[in-house]
Amino acid sequence: MALALNAENELLKDLNEPQKEAVLHGDGPLLVLSGAGSGKTRVITRRVAHLVRFRGVFPWRILAVTFTNKAAREMRERLVQLLGPQAHELVVSTFHSSSSMILRRALKDPKLVDHKVAELMGLTPSFVIYDDGDQLQLIKRAMREARVDPIMQPREILHRIDGEKNAARLPDQMVVDVDDARGVVVQKTYHAYQKLLRAANAVDFGDLLLLLVALLRQRPDVLEQYQKRFRHILVDEFQDTNPVQYELLRLLAPPERRPNLVVVGDDDQSIYRWRGASVDNILDFPEHFPGARVVKLEQNYRSDQNILDAAHAVIRRNSRRMPKKLWSDRPKGDNLTLLLNRDERAEAQEVARRIHGLQREGFIKYSGMAVFYRTNAQSRVLEEAMRLARVPYTLVSGRSFYDRAEVRDAAAYLRLMVNPRSDADLLRIINTPARGIGDTTVERLVDFANQSGVSLYEASAAPERIAGLNTAAVRRLSGFHALVSSLHAFAQESQDAASAVDQMLKETHLVESLQTEGSDESMTRAENLREFLGAAQEFDLNRAAAAVAASTVGDGDAAPVPPEEADLDMSPLTADIPPLNAFLEQISLVGDADAEVGEGRVALMTLHAAKGLEFDAVFITGMEDGVFPHSRALHGGESEDGGEEMAEERRLCYVGFTRARRRLFVSLAQCRSLFGELRYNPPSRFLAEVPQELFGIAEQELPPAPKEAPFTKKKRNWADEDDGPRVDRTYSQAAEGEGIGGDVRGMRVRHEQFGMGRIISADGQGPNAKVTVDFGGQVGLKRVIARFLLPG
DNA sequence: GGCTGCGTACAGGGC
DNA sequence: GTACGCAGCC
């Protein structure tokens, strides 16, 4: 007992009072309002550990839902540290991932073979998950088949359908006015699109949640099973839940039963409105769950006060937020640094140079630094600059590896192996590698399949029945059908993912066809396919390890399950999913997990991807109106705070600022290439909202607020600048590599041929200035043109 | 039937 | 700048 008590103290000792309150909260709903850096993950993981260790809750009774895979992975790791192998019995996953697993189990359940849920008709446990690209293809096909007026772009229709799904509305539940021609188009396409998905034994991301809600609503027996099992549900990042996710929670944890539902979130960090998240979910939680307790976490453990002040200055302009203000007992810390640059290339170079500087000072390691940007399109030039400056970096983009064409081809084959009905996958690879099945043949195949109401795979079984095909086409089609059929048969028998991938690569000759091509690029792609096989092998190993871990716990120490719950399924949700299906599931939902570990590397990512992370030094690039805040938010309404879109950009800025522990650099470029044209954007309005003294600039003005838009003047060159605001120090240093400006004597520079050196004197300004540099040693003094120098 | 080259539309974030 | 679709040629 003493030991246990000690351990309990151990679990609580470094928590503050509100954190303890949340961890120890007994039964019933709880809302934890947690500001940035207030230790929210710690609260969730400790609470889970406490439930298991000291309140006798079986791990398999706990469902912890996060919003992103990264968050789920981190939470799982921390729980393994706290609980050991027992943690593998917990269900810790994203909404999409757990929904998918529950759906698959239900479709497999013999008692549910005739489930009579209309929305699920056509789905088997081997359904595949279509991504955005597949979705768009299918929308185009649905538009054709529904013969809708082409008054809308497919992409826009897809966006609207996604919106309907996020709002938990099926095609029939759409609210459409009869005179709303566009609404009618969306609804008709939505109907046809769902039909095509079911015919292909496929779902999209939205379906995962929507169909589960449909199932749980129509099958009380299934609902009860999960209500009974999950006695404790914890939701992270609750501010980002959308209506269909909220509905799912309310089904599993009905408000009137005072469920043990703990939701944790921060309305100031709600940044997913664009994909249907509703801040109201968190704002109205206490009303929806009567008797809910509310705990506020306002002490920040992460950032120096200056950074918190800056973040607060921005976020306080939003009108609709829950009252709270972060505080910290940490010191004021360093000033924020504003980097003004000529263009995005200069910006990227300056960031790389600053990173070098911080690293050389020795206080901050590469892995403690991150560079954020608003849109993915900004990442390329940053990457180039990092490579040139030899800064080790990791691009945290989620799933770059699985987005490569050859890897997607391989994945398409795998998906056909488990689900030959998947037309989108079949169309993708029917002629990859080239096997003489061209557009004409495919078109005839598609027509035939449509007329007969079968899948393309089934249609290809008897190609001689397809009108218009010559004997060569018939022969090739039947060869292709034999290939898929053989792979499908193999998949039925295979015991692990790797052997299935191996067999697929063998039979399809994907690797050989790339190797015969012989180009450097094709060799890289062949290498990627081998890496894909490696990923499958690693997946098998992890799965085996997890299975062992799960089976070794709970053998001796399991308390009896109450008799009325004797038939309760306590197995991991992944338990009976065949390995190949599980591997595909991971590819679809999780992406490239390995890309995210970047030991000794600077992290490059979007602001959205940054949520939940922290770094000693943070660079936020592209601080310009039109980039950040994004141009779409600029014209969003006439209200004081710029409308809901602008409010969301502001929250995103708040998220970005509060990732920094000690150093925060904000950077902008006077002009930048966007959409292939040169744009002159005014400085971000968020910069003007930060008090100047936080930048350590007292007498000089910051860039004026966007209304005056000083940088929008065309053809303005930084070197010509003689009036208006400027920050000399950053200007001159930013200019290196692109030329020089200001007093550069003594500055460290690098030359491709001569190496490192120090500037002695300079003759002239800008890129063509002649500079005398002391390179030391054998090289000595050299006269070089400034544009050939790199930041030291 | 397959390939190349040109033109157009496009890029907001992620499960 | 990139991705896709289409026309025209082999």
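Numbers restart at 1 for each chain; the letters A, B, ... are given by sequence-line order, proteins then strands. None of the values given here were measured: they were computed from a predicted structure.
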In sequence, state the C-alpha distance, the side-chain angles, and the governing distance for A/F657 and A/F686, and then conclude on ring pair (Phe, Tyr, Trp, His ring centres under 6.0 Å).
CA-CA 11 Å; A/F657 280 13; A/F686 302 145; 8.3 Å; no

Sub-3.5 Å donor-acceptor pair from the side chain of A/R476 to the main-chain atoms of A/G436, do we have one?
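Checked: pair present.
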
Both A/Y272 and A/Q153 contact DNA chain B. Which one's nearest nucleotide lies toward the 5' end?
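Of the two residues, A/Q153 wins.
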
Is the shortest side-chain N to carboxylate O distance from [X] to [Y] below 4.0 Å?
| X | Y | answer |
| --- | --- | --- |
| A/K165 | A/D207 | yes |
| A/R679 | A/E344 | no |
| A/R374 | A/E649 | yes |

Over all strands shown, is [X] touching base, sugar-phosphate only, or nothing at heavy-atom distances under 4.0 angstrom?
| X | value |
| --- | --- |
| A/S673 | nothing |
| A/S631 | nothing |
| A/F67 | sugar-phosphate |
| A/I437 | sugar-phosphate |
| A/R374 | base |

Classify the side chain of A/W274 and the base of B/dG13 as holding, or not holding, a donor-acceptor pair under 3.5 Å.
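Under the 3.5 Å cut-off, the side chain and the base do form a donor-acceptor pair.
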
Decide yes or no, distance alone: a donor-acceptor N/O pair under 3.5 angstrom between the base of B/dG12 and the side-chain of A/R632.
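Flag set: donor-acceptor pair detected.
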
Ring centres of A/Y246 and A/F95 under 6.0 Å apart?
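No: the rings miss the under 6.0 Å criterion.
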
Does B/dG2 have OP1 or OP2 sitting under 4.0 Å from an N or O in the side chain of A/N431?
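For A/N431, the contact criterion (side-chain N or O under 4.0 Å from OP1 or OP2 of B/dG2) is met.
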
Grab the N/O contacts between the protein and nucleotides 8-10 of chain C below 3.5 Å, and write none if there aren't any.
none

